[in-house]
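What follows is a single structure, written as structure tokens, with notes after it.
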Number of protein chains: 2
Amino acid sequence: MPRILRVAGAQTGPIQRADSRARTLSRLIALLEEAAGQGARLVVFPELALTTFFPRWPMEEAELLAHFERAMPNPDVQPLFDRAQALGVGFYLGYAELTEEGRRFNTAITVGPDGRILGKYRKIHLPGSREIRAGQRYQQLEKRYFEYGDLGFPAFRGPAAWGSPVLGMLVCNDRRWPEAWRCYGLQGVELMMMGYNSAAYDPNGGEGESAELRTFHSTLAVQANAYMNATWAVSVAKAGVEDGAGLIGGSVIVDPNGIVVAGARTLEDEVIVADVDFDACRQGKEKMFNFAAHRRPQWYRPIVEQVGAVPPPA
Amino acid sequence: MPRILRVAGAQTGPIQRADSRARTLSRLIALLEEAAGQGARLVVFPELALTTFFPRWPMEEAELLAHFERAMPNPDVQPLFDRAQALGVGFYLGYAELTEEGRRFNTAITVGPDGRILGKYRKIHLPGSREIRAGQRYQQLEKRYFEYGDLGFPAFRGPAAWGSPVLGMLVCNDRRWPEAWRCYGLQGVELMMMGYNSAAYDPNGGEGESAELRTFHSTLAVQANAYMNATWAVSVAKAGVEDGAGLIGGSVIVDPNGIVVAGARTLEDEVIVADVDFDACRQGKEKMFNFAAHRRPQWYRPIVEQVGAVPPPA
């Protein structure tokens, strides 16, 4: 039986700090409906899809916590869950998670077509800094506002109606770390989902990489890691100029050969779709990347036994 | 002081089984001279650069061992060492190594401008099979003819005249394995060197990937792993139709952004060169891929604790 699922990436344009939660949710629902109208049965939204990318500002506790979800779903996002269930569509959603114990994570969930949460992931590779950098208008305070993810890289099965595929989630910067992909690859992942907010330029006006180069990096990492783990990947941006800071677009759907099969053309709300044939992963998993036949873990120990680089003596 | 080294990739066309060792060596020396004439001070040759890709055939012991080097250098290859030293050029060379104890490895060495061997690597990711596949004209018997490399991934320093760069070596299939790159990345590698013999199609006439797709895979893996480890990379093919079996070309020099800065255009003997600025690795190593700041090895344990993929229960 063919295991083919039509999957969408729902890129969003910027979500400004001043935008109401209701307005943002209505945009996500519109994207969901557009994707469903194109036949998609699984829709991937960006990282922190319910808010602006708030780690760019120093904030006091109360202001900060207003950006977090205390439960998922909750009354604010219930209309998205309801609409998705009515359409029979599942989705990946990135959001800021506040636990009952007051812990904060940069989280993603995947929701099944029945509205049930199939899997949860908490971002492990937090970029940025813990300390506020003096004199800079824009910060990157993910290490201050979030704890490092504590769930590992937990693959999970999609429902039988999707062909019971092995699914995995990453968030933003995780997609540049081959260790993260490999941990899913070692669980036989067939579709990796990830959302991101990635700077298009230095918002403080310093020298830096061009938006073109940053988009190239984003796509390159997804293509190669998809290939090297013989998996499909959907990588979805929040894009455009958000509260004065530019974000790259470049949302893509990539096949297990590392080929981009669908890509966003704008920096705005935009749906991309592709038919994902999970069995197209088999060629890579059984031959070139037959891990059982070819990996040599006894030589990989530095990957877990050291954190930073230690160059040979000069 | 700028740390810029002009580096060459010396792609070779096919080396037929019937070609004499003297003829092959004269081709390598001609490539070395051409590279030196273009100002290169380090030249990267392919995997198994002294012979045809002999693992494609079943062989008896005596015939097999004729393809191996019992010492390095040895009288057959001394002219290459001598010419390189006279030109003040270093080189990476792939060859089949037979040790005094009779052990066999698919090996690469890097030789300094003074003729001294700076580093040795033995291929860890051996593809192919141990058993001869019945009824197939062409085999891939690397797992039969070689032991798995036993030296790990040992980075080493180039000479002061090169700017004392941190260098690393891989062989062929290794370049598709992010674990291998990361082990060098964790030693602060600034230039990765690798040679390869990669099939352009199934020589037994079965269905398979196109040469174009295989070349894309080869380049993609090098680009992304160079980017994710903030290192330069030189990846060099033996190319063309060798004893009736096609090999991809696609030799490239890639910068720490993952951008191809030089690439071969033929499937024949061809030199590519680029000026490698080792300090261009610093941006990546200090920011995006500052391993000490961002890696989370406690979550990477599956990479060393399991070999094959273990999917979640269906």
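Letters go in sequence order (proteins before strands), and every chain restarts at 1. What you are looking at is a predicted structure, and each value in this text was computed from that prediction instead of being measured.
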Heavy-atom distances under 4.5 Å only: say whether [X] touches chain A with side chain, backbone, both or neither.
| X | answer |
| --- | --- |
| K285(B) | neither |
| Q283(B) | side chain |
| P313(B) | backbone |
| E305(B) | neither |
| F216(B) | side chain |
| V310(B) | both |

Exercise. Is it the side chain or the backbone of K287(A) that comes within 4.5 Å of chain B heavy atoms, both, or neither?
Worked result: neither

Problem set entry | Portion of E209(A) that has a non-hydrogen atom of chain B nearer than 4.5 angstrom |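 Answer is side chain: those atoms of E209(A) sit under 4.5 Å from chain B.
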
I'd like to know which of [options] tops the heavy-atom pair count under 4.5 Å against chain B.
| options | answer |
| --- | --- |
| L213(A), V166(A), L151(A), I303(A) | I303(A) |
| N173(A), V189(A), N225(A) | N225(A) |
| N257(A), N290(A), I124(A), D150(A) | N257(A) |
| G188(A), S164(A), G258(A) | G258(A) |

Exercise. ring-ring contact (aromatic ring centres under 6.0 Å, His included) with Y148(A): which residues, sequence neighbours excluded?
Worked result: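 If we apply the ring-ring contact (aromatic ring centres under 6.0 Å, His included) test to Y148(A), skipping adjacent residues, there are no hits.
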
For this session: Quick one: list whatever passes ring-ring contact (aromatic ring centres under 6.0 Å, His included) with Y184(A), sequence neighbours left out.
Result: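 With neighbours one apart ignored, the set is F153(A).
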
Problem set entry | Face-on cation placement of R295(B) at Y300(B) ring, 6.0 Å and 45° thresholds |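 Relative to the ring axis of Y300(B), which defines the angle, R295(B) lies outside at least one limit.
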
Exercise. Can you say whether the rings of F289(A) and Y227(A) are parallel (under 30°), tilted (30 to 60°) or perpendicular (over 60°)?
Worked result: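 Ring orientation, 0 to 90° scale: perpendicular.
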
For this session: Go through the structure and list residues passing salt bridge (Lys or Arg N to Asp or Glu O under 4.0 Å) with E142(A), not counting sequence neighbours.
Result: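 Salt bridge (Lys or Arg N to Asp or Glu O under 4.0 Å) list for E142(A), sorted by chain: K123(A).
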
For this session: May I ask you to list the residues in residues 125-132 of chain B that approach chain A closer than 4.5 angstrom, counting heavy atoms only, ordered by number?
Result: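 Contacts with chain A: H125(B), L126(B), P127(B), G128(B).
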
